[in-house]
Amino acid sequence: MDESLWVVALAGEARLGVLMEETWAILDGPEVRPLPGRKEWCAGLVAFQDNLVPVLGGNGYSRLGRPETLLIVERQGALLGIPCQEVALYRGFLSDNENLEAEPGLPAAGMIKARETQAVWRLDLRRLYSVLGIQ
């Protein structure tokens, strides 16, 4: 198995990982602006490099809390902010195991195994974007 570089974030009680290539940015202490009429999963917006990035939160994702750090991920050109408390980089490999749930509502696609840390759930951005209705 090939090792990859993973961004690992503590989000609520979940330890989540995304590939470095899926990571757009990591922001410390972002200002999340409320958005009237937003979708129920959205906590608000963050302005970043001429983009308004929706932040995961709101109904169903409130347990992720107010972000100390915001992990901005990208899938097919669509950005999404995931609030988290800690972020680190690890080299590891994916151990496939479908039908896992990292935290209720956060779909996982296997477990990332790295020597330097405990096992981490691999966040499935394809499924998450689909559930949220992000194109």
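All of these numbers come straight from a predicted model, not from anything done at the bench.
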Got a list of side-chain donor-acceptor pairs under 3.5 Å for residues 46-54, not counting sequence neighbours?
from, atom 1, to, atom 2, distance (Å)
Asn51, ND2, Phe48, O, 3.4
Asn51, ND2, Gln49, O, 3.0

Please set out all donor-acceptor pairs under 3.5 angstrom arising from side-chain atoms of residues 23-38, sequence neighbours excluded.
from, atom 1, to, atom 2, distance (Å)
Thr23, OG1, Leu19, O, 3.2
Asp28, OD1, Thr69, OG1, 3.3
Arg38, NE, Cys42, O, 2.6

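Scored by the salt bridge (charged side-chain N to carboxylate O under 4.0 Å, His left out) test, Glu22 finds Arg122 as partners (sequence neighbours excluded). Every residue meeting the side-chain contact (heavy atoms from CB on, under 4.5 Å) condition with Leu89, not counting sequence neighbours, appears here in chain and number order: Leu5, Val7, Met20.
Ile82 and Trp41 fall within the same hydrophobic cluster, where Ile, Leu, Val, Met, Phe, Trp and Tyr residues are linked whenever their side-chain heavy atoms come under 4.5 Å apart, directly or through other members. No single ILVMFWY cluster, assembled from side-chain heavy atoms under 4.5 Å apart, contains both Leu45 and Leu79. Leu125 is connected to Leu80 through a chain of hydrophobic side-chain contacts under 4.5 Å among Ile, Leu, Val, Met, Phe, Trp and Tyr, so both are in one cluster.
Grouping Ile, Leu, Val, Met, Phe, Trp and Tyr residues whose side-chain heavy atoms lie under 4.5 Å apart, directly or via other members, leaves Leu10 alone, with no other cluster members.
For the residue pair Ala11 and Pro83, the shortest heavy atom distance occurs at CB-O, 3.6 Å. The minimum heavy-atom distance linking Tyr90 with Ala88 is given by the pair CE1-CB, 3.6 Å.
Taken from CD1 in Ile134 to CG in Leu56, the straight-line distance is 8.0 Å, to the nearest 0.5 Å. To the nearest 0.5 Å, atom CD of residue Glu21 and atom CH2 of residue Trp6 are 8.5 Å apart.
Using a 4.5 Å cut-off on side-chain heavy atoms (C-beta onward), Arg15 and Trp121 make no contact. Side-chain contact between Val73 and Leu128 is absent, with no heavy-atom pair separated by less than 4.5 Å. In this structure the side chain of Ile72 reaches within 4.5 angstrom of the side chain of Leu70, judged on heavy atoms.
In this structure a side-chain-to-backbone donor-acceptor pair under 3.5 Å is present from Tyr129 to Ala78.
Tested against Val18, the residues Ile112, Asp124, Leu71, Val120 include a single side chain to side chain contact (heavy atoms under 4.5 Å, CB included) partner, Leu71.
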